[in-house]
Structure formats: C-alpha cells, structure tokens
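Report on the structure given below.
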Amino acid sequence: FSWRRFRKIILKMFPVLNWLFSYRFREWISRDLLAGLSVGMFQIPQGLLGIWLTKLPLPNINGFLSAFCCSMAYVVFGTSHHISIGSFSILNVVVTNILKTLNFNQTLSSNGSLDNFSDPTLVKDYVEALTLTASITFLTGIIQLLLACFCLGFVTTYVPKTLIDAYLTAAALHVIVSQFTFIFDIMLDFHKGPLDIFYTLFHFFLALPKANATSILLFLLSMAALRLNKAIMITYKHSPVAFPMELLLIITVTIISNRIHLHAKSSSAVVSMIPQRFLPPTQPDLSNLSKIILHAFSLAIVSYFLLVFVGERYASLHNYSIASNQELIAVGLCNICSSFFKSFVVSSAISGTVIQEKTGGRTQLAAAIGASMMLVIALKLGHFFQMIPNGILAAIVVFNVLPFLEKILDVPILWRRDKYHFVIWLMTFAAVLCFGLDVGLAIAMGFTFFIITIRSHRMKMVVLGQIPNMNIYRSLSIYRAAREIEGIKIFQCCSSISFANVNHFKTYLLHKMDMKAVPLDESEMRAFISLNLSDTAAERKDLKCSCVCDPPLPPPRIPYTEKLMKRRHADSNSSSSSLNLVHWSKYGDKLSSRTLLVGAADAQCASPGFNTGLMTEKNEDEGRRACLSPGSAIDNSSVQLDQEEQPMYLPCPVHTIILDFSMVQFVDLIGSELLRQIIHMFHNVGITVLIAGCHSSVMADFEKNDFFDSCVTKERFFLTLHDAVLAALDKHQKPDKLEPIVEEFAEGPRAEQQKVEYLA
C-alpha cells in the first residue's frame, strides 16, 4: 500500500476528480455555463418527444428525475468531457418493439389518443408495460457492469476509426428517419426487422397527403435559422464559440406557442394523457427473464458502443482520451439509475452532445449545470414546454446530427487511400442501415475482424539488394542503386509467420528460386521410416524386457516430406533427384549423424554445414558430421535407393539464402515447423539458409516450438543482415575476391549514404 497507488485508484474510479482539481475557473466557467444552459433547455422538450415516439406515457417527474440522475452519474464516473447522456430515439423504439413481441397491448392508438384510460384492463397493461421497460433497462445496466468487471471494454480498442464513422453515419440516418413522425405530424408504427428503415420511408411516403403543413413549415424555418447560425460566431478570449441558437429558438418558440397555440393536436393528446404523479421505484420483474435477456444484451452492446463511438469522435477532436472500460461502468450505472424511475435505456444523446460541444463546453460541469437547470425548470415550468411545436424540436435534432453525414463525402478519398478501410466503411454503413444498430453492429464487427485478420496475416516478401560499398540493403524493385550480391538471395519478410501465411511464404521462396517442391515417393518414405525404426532398434538392442504400462515413445520426427526440383524439370518423365534425407532420431538431445541417400550421390551444389566462426574446432567437426553435404560419403549403415536412375544436375548460382526477420513479430508452431523443413530442403540441394535480425521474442518462440536440431542450429542466426552477408561471402569466396564492402564498409563516409536513389 502507498498513497500514490491509492490516489491512482481513486482517480481511476472517479474520473470527475481529474478535471475538478485542475479546473480553470476563469477560462472555462463561462463556456460551461453557456453550454449547460443550452443543453438543459433542449433536454426538456426532448423528453416529451421520446414519450410521443414510444407511445408509452411516462410521468413527467419520472422522466426528468431519470435524466437528472443519469447525467449526474455520468459526470462522476464518465471520462468524456463532451458526452450528454440521455434517451436515444432508436433505443426507445427498440424497447417498444420488444413490448410488442411480448404481446403487451399498445397504450396509445395510432392517432395519439388514449381510449378509455379509466379502463382497469388498460391501466393494468400500462403499469405492466412500464414495469417491464424498467426491468429491461435494469438488466441492461447489470450486463454492462458485468462486462466491465471482466474488463471487456478493451474490445473497442480494436475497432478502427473507419467503422466508428460509418456506424455513426448510419445511426444519424436512423435518427433523421425517426424524426419524420414529428416533421410531418404523422403517427405510424415503425417496422421491425431487416430493411426497416426503407419500409418506414415507404409508409411515410404513402401517408404524405395526411401531413401537417404547419409542422413542415415550422421545420423548414427552424432549419433555415439554424443554418444561418453558422455565419454567427462569438469569440471569447481568442477562442470561437457558437451562438446558442438552439437556446434562443426554444425560448422564443415556447413563448409564442403558449400565446397562439402552435402545437400539434396529436402531441397535445399524448401530453394530456401523461400521468402527473410520481411512480415510485419497484422491484424489477424478472419473470420474463428468458424472453428479455437477449434483447437486454443487444441493448447493452449498442448503448455502450454508441457512447464510446461518440466519445471517441470528440476526444480526438479535442486531443484527449477516454477509458473504454470506465465508460462501460458509467453507462451501466446510468441505466440502473434510469430503471429506478421506469425509464428507457440511455446512451449518448447525439443532439445534446453536439450542442454541448459547439457551444463551448469544456468539462462535464456543463452537463451538471444543464441537468440541474433542466430539473428545476421542468418541475416548475414544465407545462409551458408542452406547447412547443414538434417541427421545431425535430429541426434541432436533425440539424445537429447532419455533421455525422458529412463523412459520406470522405468515402471517395478513402477509396484512393486505403481500399481495405473503404470496404469496412461500406460494409458497416450498409449493415447498420439495413439491419439496425444491433444486428448491423454485430455484422460490422465480425466483418472488420475478418478483414483485419486477413490483412495482418497476409504475407509480404521483398527481395533486397545491397547499396554498393555500404552496409545498407534495400528493395531491388524500388531502389535504383540497389544491386544483388552474386550467389546470395536476400528476402525480407514483412509480416509475422503463422499457419495462415506460411504456405505463401514457402511458395514465394520457391518461385523466386525457380524451384518446385515435389512430394517424396513411397519407396523414399519407406526407406526413410525404416531407417528411423532401425535406429530405434539399435538404441534398444540391449533391452531384454519392457512394461506395457509405460507410455509409448513419441514417433520419430520427420524433417521434411518434399524434395526440390528445378521448374524446367518438373514436367519431365524423369523423377530422379539428388537429395539427402537427414536422419533424425526420436530424441531431440540424441541426434543421429547418419544420412539416407536418395538417388545418386554426386550432386554438384553441395554445401557443408555452415560455420560462423563462433564454434571451436571440435564443435565445427561435429557440426559437419551431423549435417553432411549431398556429395559426402557416409558409413556402411547408409541405404541407397534407385541406383539405376540417373542423377539430376542442379545448377546452383545461388549458394546462400538470407531471410531478413527484422520485421517478424512472432512465428507460431505451424510456421516454425514448415520453416525448418524449408531449411532442410534447401540444404540438401546445396543452398544454405541464414536468418538475420531475429528478435529475441521470436527466438524464444523457436526454442519453445523445438525448432533447432543438429542441422538447423543457432549458428544460422545473425544479429544484423550485413553480418549474415559477410559470413556468406567469407564462406563461399576467396579472401582476395571479396567485395570492398567486407573491409571498407565501416570506413566509408556518411555522405555516401545520400547517393541512394529512391524511385517514388
């Protein structure tokens, strides 16, 4: 225990302390006050819109208390400086559709009136609907807190910004379509299921003759006023602040509408049916737990991701970061608070967040001011705001979500820059638009992870050449000055090696070496296996008895099952080859030095075991005996197959392959197995494979995967690519014929490095 650690834990649990102790009162208080007033005034009529949209009259006191408690909970536990917590229209519609699927009767009819509210059956259904709504909201918050306990908030770290932009763009379109009810003053049932947004648009198109012309006119006038507001800019202490047109518009229209009664008849019917008394919290109804748990889980995921996506957007604009797991805790507590007042699932209120940010809000003090003012005004003067025309409020909502649609204009640029992200954007947008915020999010996440997996495991190989007289190696296809070293092929692996791309790695190497891998025939495999079995019997010849209870010994490890052939001989009738099969015993620490010859033993491109100069004389001799060249003689226990076949001559201008692993982050078990086989296959046609720039973590992977043996030793590994090149030249060329690079690369002036010509 230490005070520093205790302070760190407290600041992490209560993020409000981070900005509260460092609050710049003189600089920020006026901004937060203006933003709080604007958001608070907007939240009052916004709550009434949600009641009309869901057709479930929630008492005013319950709604406003829920909004206040949720806002204050996020102020204390949230990490975003600009999020405005509130009900989200699409989530409210989802809850309403859940009630329909559970056969709860509608409380309001299609024309916005409530028939026979004094009917006991209707009152019972109304109370049960509110109780079930509270249960769904409560279960949503519990699920979010459980996800936070398992620290699953990190999932958003793997979500690219492209997916966030596409998701918010599609969500903005859903919000705009949901506002058509208020724009045209038409009450319609929202379609539930795939392509619901298009069905809704079609039904609104059919119902246009019944639209309220006054509501449409007020909507257009409000949109024009809000658009002109962009030309008005207030500068406060050298920083621009948007003019609070929403605040002015709400106050002005509230006064006018109370004088001349501009409100719609349907909204008046809804408001008149809202109970005015407070409904106390009740115990959550979990009798339908099996029916609502999947819906609650879907709402929990959508509510959280929507909150994080909006928070990430504004955090990047204002150069700060949010804690994804802490956001999960904050929104879970907000939903639990909302359930106490029988309210709906809450998340980021997009319109309120935009208003809070553009009016200059700097911290969550603006949200606290707005929530406090909203509660006081709503409880004392709430009946005045019931007269605001729906078209005015719909205009404010639509105008403030329009900036999210501007990302559509960046799609052509995204296509030119990165086609992978373009596909992600397009797929996310189409999925969310067609299948909704929940199913669309699941499809988008699955598709994005699939694309990321494919892209991260896609093998990219580059052939490198040397810049003359320098220890610099660059791509031959890009750098004009790069030259290939005679007898040496250098390949740079630009990604990690795993089961997903190791076959491409092998194919690329064989293609560049103009070779083809041919499986060993049955006689070669039988001879190879029989040699392993004879070795096992020789080791156990003194053994007289054994116990059947002993675990069986592991089968002998086969170094490879393919042989290399030149491509021009791949289709010929002759299948002969000059190859060595290095015999491996079944114990890793007792490796046999005997070799099985397949074909003739007179290959011309042999290469003895490679020595880096770090071994002693004794180790060098042992290494050569353990890894014989294709033309080497062996002891009498060797077996020779297919003696009547003619040997195939393999011209080998390349004696060494160097693999640059400086960009490789890991090699999995399958990758290391195939890499070892590749080294064996090339060795047995006289080509030595060296590996350079291998990270220590990759070396640890090799050791863990039992990669090394008598032939594939650590002597093949070099710290730098240049060290590997020098060792290869030293081994295969005479000292007097080495390039000047061997002796002069360290003495060359640094200015010569500027001679490298790069082809853009």
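These values consider heavy atoms only, across backbone and side chains, with no hydrogens, waters or symmetry-generated copies. Each residue takes its place number in the sequence, starting with 1. The model shown is predicted, which means the values in this text are computed figures rather than measured ones.
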Legend entry - Ser348 side-chain N/O to Ile83 backbone N/O, donor-acceptor pair under 3.5 Å: no
Legend entry - Geometric class of the Phe25/Tyr23 ring pair [parallel <30°, tilted 30-60°, perpendicular >60°]: perpendicular
Inset, instruction - Quickly, which of Tyr320, Tyr314, Trp19 forms a ring pair (Phe, Tyr, Trp, His ring centres under 6.0 Å) with His81? Name it, please. - result: Tyr320
Inset, instruction - Report yes if the side chains of Ile443 and Met427 come closer than 4.5 Å at any heavy-atom pair, otherwise no. - result: yes
Legend entry - Approximate separation, where rounding is to 0.5 Å, of Ile336 CD1 and Cys69 SG: 13.0 Å
Legend entry - Donor-acceptor pair, side chain of Asp668 and main chain of Phe499, under 3.5 angstrom: yes
Inset, instruction - Could you list the residues that satisfy salt bridge (charged side-chain N to carboxylate O under 4.0 Å, His left out) with Asp32, not counting sequence neighbours? - result: none
Legend entry - Polar side-chain atom of Gln356 near backbone of Gly36 as donor-acceptor pair, under 3.5 Å: no
Inset, instruction - Tell me yes or no: between the side chains of Glu327 and Tyr74, is some donor less than 3.5 Å from an acceptor? - result: yes
Inset, instruction - Might you confirm whether atom CZ of Phe297 has over 12 heavy atoms from other residues, nucleotides or ligands at distances under 6.0 Å? - result: no
Inset, instruction - Take the angle between the ring planes of Tyr158 and Phe449 and call it parallel below 30°, perpendicular above 60°, tilted in between. - result: perpendicular
Legend entry - Ring centroid separation Phe77 to Phe14 under 6.0 Å: yes
Legend entry - Asp723 side chain reached by Thr720 side chain, heavy atoms, under 4.5 Å: yes
Legend entry - Distance-only donor-acceptor check, side chains Ser66 and Ser338, under 3.5 Å: yes
Legend entry - Asp418: partners by salt bridge (charged side-chain N to carboxylate O under 4.0 Å, His left out), with sequence neighbours left out: Arg455
Inset, instruction - Side-chain contact test, heavy atoms from C-beta onward, threshold under 4.5 Å: evaluate it for Phe404 versus Val175 and give yes or no. - result: no
Legend entry - Heavy-atom donor-acceptor pair, Asn501 side chain to Ile497 backbone, under 3.5 Å: no
Legend entry - Heavy-atom side-chain contact between Asn335 and Leu333 under 4.5 Å: no
Legend entry - Any donor-acceptor N/O pair, Ser343 side chain to Ser339 backbone, under 3.5 Å: no
Legend entry - Under 3.5 Å: donor-acceptor pair, side chain of Ser496, backbone of Gln665: yes
Inset, instruction - Assert yes or no for the condition that the ring centre distance of Phe717 to Phe708 is strictly below 6.0 Å. - result: yes
Legend entry - Validation row: Lys407, Arg313 side chains within 4.5 angstrom (heavy atoms): yes
Inset, instruction - Say whether, by atom type as modelled, one donor and one acceptor occur between the side chain of Thr353 and the main chain of Ser84 under 3.5 angstrom. - result: yes
Legend entry - Non-hydrogen side-chain atoms of Cys493 and Met663 separated by less than 4.5 Å: no
Inset, instruction - Classify the side-chain pair His722/Tyr473 by whether it contains a donor and acceptor separated by less than 3.5 Å. - result: yes
Legend entry - Side-chain donor-acceptor contact under 3.5 Å, Glu357 with His318: yes
Legend entry - Short side-chain donor-acceptor distance under 3.5 Å, His695 and Ser697: yes
Legend entry - Ser347 side chain vs Ser303 backbone, donor-acceptor pair below 3.5 Å: yes
Legend entry - Check: Ser38 side chain, Leu34 main-chain N or O, donor-acceptor pair, under 3.5 Å: yes
Legend entry - Aromatic ring proximity Trp425/Phe422, centre distance under 6.0 Å: no
Inset, instruction - Could you check if a side-chain atom of Asp438 sits within less than 4.5 angstrom of a side-chain atom of Ile301, using non-hydrogen atoms only? - result: no
Inset, instruction - Count the heavy atoms of every other residue, nucleotide or ligand shown that sit under 6.0 Å from CG of Leu317, and state whether that count exceeds 12. - result: yes
Inset, instruction - Report yes if the side chains of Leu441 and Phe435 come closer than 4.5 Å at any heavy-atom pair, otherwise no. - result: no
Inset, instruction - Drop me the distance from Ile350's CD1 to Leu306's CG, to the nearest 0.5 angstrom. - result: 5.0 Å
Inset, instruction - Mark yes or no for whether His82, through its side chain, and Gly361, through its backbone, hold a donor-acceptor pair below 3.5 Å. - result: yes
Legend entry - Charged N-O contact under 4.0 Å between Glu703 and Lys714: yes
Inset, instruction - If the plane angle is over 60° it's perpendicular, under 30° parallel, otherwise tilted; pick one for Phe707 and Phe702. - result: parallel
